[in-house]
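Worth saying up front: this structure is predicted, and the values here are computed from it rather than measured. In the text below, chain A, chain B and the rest are named by the order of the sequence lines, each starting its count at 1.
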Number of protein chains: 2
Amino acid sequence: MAQLPAQLHQIENKSRRERIIELLREAIVSGELKPGEALIETEIAAQLGVSRAPLREALQSLSREGLVEALPYRGTIVRNLSRADIEELYSFRALLESFALRRIIEIGDPAHVALLRGYFDAMLDAAKRDDMRAVNDSDRGFHDALIELSGHRLLQESWQTVSLRVRQVMALRNRRNRDLTKVAYNHIPIIDAIAESDVARAEKLLHEHIASAGDLIAEMWEDGGTPNGATP
Amino acid sequence: MAQLPAQLHQIENKSRRERIIELLREAIVSGELKPGEALIETEIAAQLGVSRAPLREALQSLSREGLVEALPYRGTIVRNLSRADIEELYSFRALLESFALRRIIEIGDPAHVALLRGYFDAMLDAAKRDDMRAVNDSDRGFHDALIELSGHRLLQESWQTVSLRVRQVMALRNRRNRDLTKVAYNHIPIIDAIAESDVARAEKLLHEHIASAGDLIAEMWEDGGTPNGATP
DNA sequence: CGTCAGTCGATTGTCGACAATCGACAGCAG
DNA sequence: CTGCTGTCGATTGTCGACAATCGACTGACG
């Protein structure tokens with residue numbers, strides 16, 4: 001089994017369905033497709049050059065993930081986000097991340113802490129360049145890592161959904177320019193608490209960190225659509 | 001709009017897909033379809049008298065729920081459950097129910113407590129008749145209610161997945177006959193703690209309640225298949 | 001003018017047939 | 001006997017056409 005030139009990449013061999021899922025998912029969480037927007041199967045299928053079968057299966061998946069809402073015989077729309085949804089999202093997010101954090105401290109691997117510090121360094125670096133995009137990416141990396149390092153697969157599954165919706169919310173809000181370096185430095189006490197295995201303090205800090213982010217967004221949120229209750 | 005005779009039921013008007021989902025889901029969580037078993041599209045479609053299109057969409061959903069595993073071009077099998085899966089399942093379950101419990105206490109509605117007591121009464125009643133099935137149903141009702149009463153939709157979504165897998169695990173284990181009335185009475189201190197708004201105590205009791213149930217099952221679990229790691 | 005049955009276009013739900021991919025096995029070379 | 005290569009059956013992935021359902025519109029009727 002001769003080892004071929006190392007620069008050969010694995011070729012992409014995903015089904016149409018999977019690629020459609022990723023494509024639509026990215027369009028939704030990036031805000032390109034806005035809440036309430038109708039996803040008409042015939043249209044999208046034609047646009048992507050595929051038949052409706054794999055497209056329907058993709059929409060089915062997105063529906064399970066909660067990114068879209070499928071109304072029987074009436075179509076599929078990008079799910080609306082009410083202020084209550086935002087609050088639920090962030091409270092649930094705090095729950096999941098707290099759990100991950102407890103497990104990480106329980107494991108107590110110094111390499112984990114080092115990895116988290118790595119994300120902080122990248123975040124701070126980006127903040128100094130005032131590169132908001134990079135700051136957000138590092139921030140996401142940090143929080144994703146928190147879940148990943150917990151080693152809890154069920155948690156990771158659940159996190160995916162939550163994480164996607166958080167990205168969507170962040171893409172949709174009016175971006176208020178806070179002091180980016182300040183945002184980055186917010187993560188340091190949390191990492192320190194983890195390093196010191198201080199569960200209570202780490203949990204408290206993380207909870208505040210997430211809650212304040214959630215409140216900030218919830219406050220400026222205007223219920224565009226009527227997710228479940230109406231204003232008739 | 002004349003009110004028709006009250007004994008008229010809403011007629012079932014679900015798509016084939018939905019009915020297939022429910023049917024297969026029930027077959028899996030009841031243990032009728034065993035972990036590792038292959039679900040061949042052509043076979044099942046013929047057996048149910050439907051085409052493969054709605055069946056595939058149903059399998060897609062079950063795959064998202066984690067009840068089955070879809071291997072590209074190689075078929076779909078009922079997901080295997082390792083001992084590690086059981087432990088993850090119960091630790092996550094404890095997390096979700098604790099969260100629900102905190103919210104219920106925060107809401108502080110006496111009607112909620114009354115409802116929970118209702119489930120306990122039914123459970124105790126069934127236990128005295130030594131009706132294991134009814135005890136399990138009431139137990140499930142109690143824990144489902146806990147989630148429901150929290151009023152947190154995202155939590156409810158997440159719970160569905162967890163709840164289904166718990167049912168599956170309970171259906172698959174060798175049923176050890178414990179003292180049913182003892183099982184029922186385990187719930188009383190939790191309800192009392194909720195009634196007294198004692199978060200810490202309620203949470204501690206609930207956590208123990210779930211952990212002991214999980215440990216009991218995990219101990220007697222024999223890793224049938226090799227979910228992710230192998231014994232070659 | 002308001003109400004209600006009937007009709008219509010748009011869209012989703014379902015079907016049967018065809019194409020693509022996989023693992024297993026047979027056959028050949030060394 | 002060992003290892004590689006090509007073929008085959010089984011199964012999934014995809015397609016285009018048809019059926020079912022919905023909301024909006026129309027128009028008659030009180």
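As a whole-Å value, the separation of A/Glu41 CD from D/dC15 P is 14 Å. What separates CZ of A/Arg56 from C1' of C/dC15 is a distance of 12 Å, to the nearest Å. One atom, CD of B/Glu57, and another, P of D/dG13, lie 13 Å apart when rounded to the nearest Å. For the pair B/Ile40 CD1 and D/dG13 P, the computed distance is 13 Å after rounding to whole Å. Between the CD atom of A/Glu43 and the P atom of C/dT11 there is a distance of 7 Å, given to the nearest Å. Rounded to a whole Å, the CZ atom of B/Arg16 is 9 Å from the C1' atom of C/dC15. When rounded to the nearest whole Å, the span between CD of B/Glu18 and P of C/dG13 equals 9 Å. When the P atom of D/dT12 is taken as reference, atom CD1 of B/Ile44 falls 9 Å away, rounded to whole Å.
An OP1 or OP2 oxygen of D/dT12 is reached within less than 4.0 angstrom by no side-chain nitrogen or oxygen of A/Arg17. In terms of phosphate contacts, B/Arg52 brings no side-chain nitrogen or oxygen within less than 4.0 Å of OP1 or OP2 of C/dG16. Between B/Arg74 and D/dT12 there is no side-chain N or O to OP1 or OP2 distance below 4.0 Å. Considering only side-chain N and O atoms, B/Ser51 lies under 4.0 angstrom from the phosphate OP1 or OP2 of C/dC15.
A salt bridge between A/Arg167 and A/Glu26 is present, with a side-chain N of the basic residue lying under 4.0 Å from a carboxylate O of the acidic one. Salt bridge present: B/Glu87 and B/Arg83 bring a charged side-chain N and a carboxylate O closer than 4.0 Å.
For the pair A/Val50 and A/Pro72, both in contact range of DNA chain D, the more 5′-proximal nearest nucleotide belongs to A/Val50.
B/Asp215 and B/Ser212 share no side-chain donor-acceptor pair at under 3.5 Å.
Listed by chain and number, the residues in a ring-ring contact (aromatic ring centres under 6.0 Å, His included) with B/His209 are B/His143, B/His187 (sequence neighbours excluded).
A donor-acceptor pair under 3.5 Å is absent between the side-chain atoms of B/Asp125 and the main chain of B/Ala122, judged by distance alone.
At the heavy-atom level, A/Leu39 lies under 4.0 Å from the strands shown only through sugar-phosphate atoms. No contact: A/Leu55 has no heavy atom under 4.0 Å from any strand.
Proximity note for A/Tyr73 (side chain, C-beta onward) versus D/dG13, C/dC15, D/dA20: the nearest is D/dA20.
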